[in-house]
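In what follows, every heavy atom counts, from backbone to side chain, and hydrogens, waters and symmetry copies are set aside.
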Amino acid sequence: MTRALVTGGCGFIGQHVVSELVARGRQVRVLDVLPAPRNAAMVDYIQGSVLDRGLVHDVMGGVDEVYHLAGLPGMWKPDRADFHAVNFTGTENILAAARQRGVARFLHCSTESILFRVPQQGDADAEDAALQADDMPGPYTRSKMLADQLALQAAAAGFPVIVGCPTMPIGPHDHNLTPPTAMLQHFLGGGPLQMYLDFIVNLVDVRDVAAGLILAMEKGRVGHRYILGGDCIPLKQVLALMAASGCRKLFVPVPGAFAELAARMIEFVSDHVTGTAPAATVEGVRIARSATALSIEKARRELGYMPRSVEPVLRETIAHLMGVPVSRILRHA
């Protein structure tokens, strides 16, 4: 029986990966700073950090494959150095232990955010582009890009690493409000007037991301990235669905330069006054301003990745955040 280690297995994507692996008959071990869920049967949960090298080495014992999902999401922390520590150094620790233990296959979970400036040209796949950490718009994406490079360097040196790049997952069990769900909650809350920067969002059912990561582990080419996304839609279309479903807000589009200036001010208040996460970050706005409709064709072609339409789970998520029956959330015309 295949034995899999899932770092970050209590997180939003991680818990769906764990459930799918268990359903497929894998023996699963989870390493996460979060405590084990109540329904922890059939899974070996170990509470701890990927920064604990000794613990990482120990939990790697007897493991055949590693799904490395542990990381800091979002684009703001009181200490920005936390991004580098967890996303880069944590990946370094997991990779080193996996190589020492002779793990047969390694899946590194990256993010679409590192591809924010990659144009799609002809038959070229965006995930095959050569990217640099210095090109990234802020500390979160820089830390993820450095971790991505580390994973691909290990692959180039002969270690069987594949990289999955989820886009913006939404769906059930998002208890910690990951950035996509937090974005939806932001527009549903607050006052009657909501300003927004329109950009292309690639929303995907989190269950499809989990299935895609497992497909990448099973079928992905070593040293390759795979974008695991769903539907590319303008943010204004998502907001229109909210408005049509009874959200009494006036959504006003703003230019990118204005949005970035506003984010800078909001971030300053969070850094120096409140110490709480801001509603917008400069890094997030910069990514949005350069967002393109990333293609999942490579994952379709090589992995057999077939995500479902995102509208049903989007409707369910909006209904959950609004506290109304899903039947209240109208289908988008």
Side-chain angles (χ1 to χ4, degrees), residues 73-75 111-113 115-120 126 137 141 166-171 174 177-206 208-209 227 229-267 277-296 307-324 326-333:
M75 294 178 190
T111 170
E112 65 153 358
S113 299
L115 305 173
F116 81 115
R117 276 185 177 168
V118 178
Q120 199 90 11
T141 45
T167 57
M168 299 177 70
I170 56 174
D174 190 1
L177 287 187
T178 53
T181 306
M183 177 188 73
L184 296 176
Q185 186 184 60
H186 166 73
F187 286 115
L188 289 169
L193 178 67
Q194 292 276 6
M195 293 184 291
Y196 73 97
L197 172 64
D198 193 28
F199 68 104
I200 298 294
V201 294
N202 189 310
L203 297 173
V204 59
D205 191 308
V206 67
D208 290 329
V209 172
I227 295 173
D231 296 335
C232 294
I233 47 181
L235 179 60
K236 66 180 178 182
Q237 186 173 321
V238 177
L239 300 180
L241 178 60
M242 290 182 180
S245 302
C247 177
R248 300 184 180 279
K249 305 280 184 184
L250 177 61
F251 297 112
V252 180
V254 298
F258 177 86
E260 189 165 335
L261 176 61
R264 192 176 300 278
M265 296 170 63
I266 293 169
E267 224 177 291
T281 66
V282 173
E283 184 173 14
V285 171
R286 288 175 177 169
I287 292 171
R289 294 182 71 180
S290 300
T292 57
L294 294 173
S295 172
I296 61 171
R308 71 203 83 184
S309 169
V310 79
E311 184 170 318
V313 75
L314 177 57
R315 293 170 66 237
E316 291 169 12
T317 303
I318 292 173
H320 173 73
L321 293 173
M322 292 177 67
V324 300
V326 70
S327 58
R328 279 267 310 272
I329 309 301
L330 306 178
R331 291 188 180 277
H332 190 74

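Among residues two or more places apart in sequence or in another chain, the side-chain hydrogen bond (donor to acceptor under 3.5 Å, both in side chains) test is passed with T167 by N202. For D208, the salt bridge (charged side-chain N to carboxylate O under 4.0 Å, His left out) partners are R308, not counting sequence neighbours. Judged as a side-chain contact (heavy atoms from CB on, under 4.5 Å), and not counting sequence neighbours, the contacts of D198 are Y196, P234, L235, K236. Legend: residues meeting side-chain contact (heavy atoms from CB on, under 4.5 Å) with P278, ordered by chain and number and at least two apart, are W76, I266, E267, S270, T281. In this structure, the side-chain contact (heavy atoms from CB on, under 4.5 Å) partners of A291, at least two apart in sequence or on a different chain, are F199. With sequence neighbours left out, R264 forms a salt bridge (charged side-chain N to carboxylate O under 4.0 Å, His left out) with E260. Contacts of Q185 classified as side-chain contact (heavy atoms from CB on, under 4.5 Å), with partners at least two apart in sequence or in another chain: L177, L321.
Minimum heavy-atom separation, P179 to G74: CG-N, 3.6 Å.
Looking at I318 and M242, their side chains come closer than 4.5 Å, going by heavy atoms from C-beta outward. Side-chain contact between P307 and I296 is present, with at least one heavy-atom pair separated by less than 4.5 Å. Using a 4.5 Å heavy-atom threshold, the side chains of P166 and V204 count as separate. Side-chain contact between V285 and R289 is present, with at least one heavy-atom pair separated by less than 4.5 Å. Side chains of V252 and L193 form a contact here, defined as non-hydrogen atoms less than 4.5 Å apart. Put simply, the side chain of L250 does not reach to within 4.5 Å of the side chain of Q194, judged on heavy atoms.
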Passes side-chain contact (heavy atoms from CB on, under 4.5 Å), I170 versus V206? Steps please. CA-CA 5 Å; I170 56 174; V206 67; over 6 Å; no
Verdict with supporting geometry, I200 and I233, side-chain contact (heavy atoms from CB on, under 4.5 Å): CA-CA 5 Å; I200 298 294; I233 47 181; over 6 Å; no
Would you please test E112 and I227 for side-chain contact (heavy atoms from CB on, under 4.5 Å) and show each step? CA-CA 7 Å; E112 65 153 358; I227 295 173; 5.5 Å; no
Any chance you could lay out the side-chain contact (heavy atoms from CB on, under 4.5 Å) test for E283 and S113, step after step, and finish with the verdict? CA-CA 10 Å; E283 184 173 14; S113 299; over 6 Å; no
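Interatomic distance, I287 CD1 to M75 CE, rounded to the nearest 0.5 Å: 3.5 Å. Atom-to-atom distance recorded for H320:NE2 and L188:CG is 11.0 Å, nearest 0.5 angstrom. Distance check: T181 OG1 to H186 NE2 gives 14.5 Å after rounding to the nearest 0.5 Å. If you take CG on L241 and CD on E311, they are separated by 6.0 Å, rounding to the nearest 0.5 Å. Here the straight-line distance linking atom CE of M195 with atom CZ of F251 works out to 13.0 Å at 0.5 Å rounding.
Not a single donor-acceptor pair under 3.5 Å links the side chain of D205 to the backbone N or O of V310.
Evaluation of the salt bridge (charged side-chain N to carboxylate O under 4.0 Å, His left out) test over residues 243-257, restricted to residues two or more places apart or in two chains, returns none.
Checked against L203 for a side-chain contact (heavy atoms from CB on, under 4.5 Å), the options L314, V313, L184 give a single hit: L314.
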